[in-house]
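Just so we're on the same page: letters track the sequence lines, and every chain starts at 1.
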Amino acid sequence: MNIFDQYLNKIKKILLDLSKNGDLILPDKLDGITTEIPPSKFNSDISTNVAMVLSKLNKKNPNDLAIILVEAIKKNDPLIEDISVVKPGFINIKFKTVFWTNFVEKIIKNSKSFGINTNEKKKNYLIEFVSANPTGPLHVGHCRGAIIGDVISNILLFNNHKVTKEYYVNDYGNQIINFTKSVYFRIREIIFNEPFPSNNEDLYPGDYLINFAQNIINSNKKIDFKDFDKVFDELTVLSIEEALKLIKDNLNTLGINHDKFISEKKLVNNQEVEKVIDFLHKNNFVYKGKIKAPAGEDNNKWIEREQLLFRSTDFGDDKDRALQKSDGAWTYFASDVAYHKNKLDRKFDYLINILGADHAGYIKRISSSVEALSNTKGKLICKVSQLVKLIKDKKPFKMSKRKGDYITVDDLVNEVGKDATRFIMLNRSSDVELDFDFDNVIEKSKDNPLYYVQYSYARIASVFRHLNKDLKADIKINNYDFHYTNDEIKILKKISEWPECIDAASNKLEPHRIPTYLFELASLFHSYWNLGKDNPDKRFISEQKKITDDKLVFLKVISNVIKSGMDIVGVSAPEKM
RNA sequence: GCGCUCUUAGCUCAGUUGGAUAGAGCAUCGGUUUUCUAAACCGAGGGUCGAAGGUUCGAAUCCUUCAGAGCGCGCCA
């Protein structure tokens, strides 16, 4: 039920008819023609740019062409109240009230599907997000990307696409060795009373490792922890298990559940890296060579070495990238290429990666590798989530790696709650740095968009409560004939934009559009609500039962959209606040 | 030095894939509660869309150059 699509199709049909009669010349494709939401000052419901797009080809000025088209559009459409041509050549359509009555009736009868793009071909997506190293709890830095990934998944799922949410576990490499060592020292600390080494910068100092150590000791009484080399393999597995358990816990408090966890170590052990490099070799994407030091930096320590390189410059990268370390081990990039081959083999239509800003420099090389492996462009879509600036007491709160000086996801959720964390983290485009102001986020006022939107839902719920009706129950209507006034139509117009919002969020993978839309809808609703103070006609509960019933339908439409949006964002919509 | 992202009202930001007189919130000032939730609403002021060129019927949006901010840039993941 996208009225913009509906009218676009209608107009295109009219164009084809006109061109058959020889009254109009059309281009091969009707791509540039759109129906849009007109700016509010025009008092019109839909506008189209047809006349401007076709004017050149038809050698007519847009205004004259528009006048011809207006006649054709107006004909046989009883729902149009007014259709006019405005300055550069826009055609503005204003509907009769009955259009909106019909509109409400239609979306009430199909409330489950309202907003979903039913014309679009359904795709199968793989989305990889979070993928934080399994060495400790998630902190704020991971949080935004995690929520963005989750909500993008929700949007795609809402639009009936298939989505697999995946977490890549980096359980291979030096950091894991250091991590295991750190756990080992914590174990020795507990069992043999040896102090944890304080001078080793490779080790992980966080207190949470004490818990890991204790848990491992408690559930593995048989292991003798005297000799590190002997317990190393087993301890690595146990340590990663502990870390993953904690990470999954953290994700859970944010309301995030991945479908799959893929282990880097398994990929390496299955020789998948060798296989993919073999493939690249055969297709001449790798060679032995040297990487030059970056210009303008202090490169005294730079040592040029010959090593196995991937030709990412062929795909627009700055330099070719190393696949193998000097000791023969694979680089992180190499196993990630193998991972992406693994993804490709599973036949998804699109792969999506959500990356933090600090990994943005990595995009070129990994998308290059996907292009090389799949021989197609645009298969991998990378979204970057910019930094979150924490603000406390009006000052930026700096996190440092020093022990205890960073804020974890747990801290955040404990302080401001899951809902506020999710909503605020999404409240800006992911391309933009985000201020996360603790004082603001817990404030219960208009400063806080979450409460503002929830409050509009709660107000609707309160009307239903007064009438002893259940907001969640379906409403059945027939011969709906309520006559909406301009104040109500303002809201219905916003409602009509919901499918457009979903479409844009889904096509561009821009989840912030949902909170933005919900805020606008809530704002219109609050305005309307307050009209009831001066004007009893604007109240929902009327002395005439029919009017009350009809208005409940209107409220139901609004609450359905708010609820859908809140579900996508993954926050609650309480009926009482 | 190079790459990515950003620059829109005093502040924080939207801007629907190039459209019409550029929109919200906060802050400031002034109003609204015997009424379905004032966690709300109404009104006022506030702009050279970082700068300069270019592309065209039309640019905050696309291209080029420049300036500023953030992030990143050897076999760490």
Q | Stacking check Y455(A) vs rA40(B) (5.5 Å / 30 deg) | A | no
Which of rC73(B), rA20(B), rC13(B) is nearest the side chain of P88(A)? It is rA20(B)
With the side chain defined as heavy atoms from C-beta on, K87(A) is closest, among rU21(B), rU16(B), rG74(B), to rU21(B)
Would you classify A322(A) as touching base, sugar-phosphate or nothing, given that sugar-phosphate means primed atoms plus P, OP1 and OP2, and contacts are heavy atoms under 4.0 Å? sugar-phosphate
Of rA20(B), rA39(B), rC76(B), the nucleotide closest to the side chain of P38(A) is rA20(B)
- Message: Please classify the nucleic acid contact of E264(A) as base, sugar-phosphate, or nothing, using heavy-atom distances under 4.0 Å.
- Response: sugar-phosphate
Check your understanding: Using a cut-off of 4.0 Å on non-hydrogen atoms, how would the nucleic acid contact of V86(A) be classed: base, sugar-phosphate, or nothing?
Key -> base
Across the strands shown, which category fits I541(A) at heavy-atom distances under 4.0 angstrom: base, sugar-phosphate, nothing?
base
inquiry  = Classify K533(A) by what it touches in the nucleic acid, base, sugar-phosphate, or nothing, heavy-atom distance under 4.0 Å.
reply    = base
Per the O4'-C1'-N9-C4 / O4'-C1'-N1-C2 angle with a 90° window around 0, rG43(B) comes out anti
Under 5.5 Å and under 30°: F90(A) stacked on rG19(B): no
Scanning all shown strands, the Watson-Crick or wobble mate of rC2(B) with both distances under 3.5 Å is rG72(B)
Suppose we call two aromatic rings close when their centres sit under 6.0 Å apart. Are F482(A) and F554(A) close by that rule?
no
Given the 90°-from-0 boundary between syn and anti, rU17(B) should be labelled anti
- With sugar-phosphate meaning primed atoms plus P, OP1 and OP2, does S326(A) contact a base, only sugar-phosphate, or nothing at under 4.0 Å between heavy atoms? base
Notebook entry, point to check: Under 4.0 Å between a side-chain N/O of R459(A) and OP1 or OP2 of rA38(B), yes or no?
Noted result: yes
For this session: Pick the P atom in rA77(B) and in rG18(B), then give their distance to the nearest Å.
Result: 41 Å
**Study point:** Distance test, side-chain N/O of H512(A) to OP1/OP2 of rG15(B), below 4.0 Å
**Key:** yes
Of K472(A), R465(A), R459(A), K469(A), the one forming a salt bridge (charged side-chain N to carboxylate O under 4.0 Å, His left out) with E575(A) is K472(A)
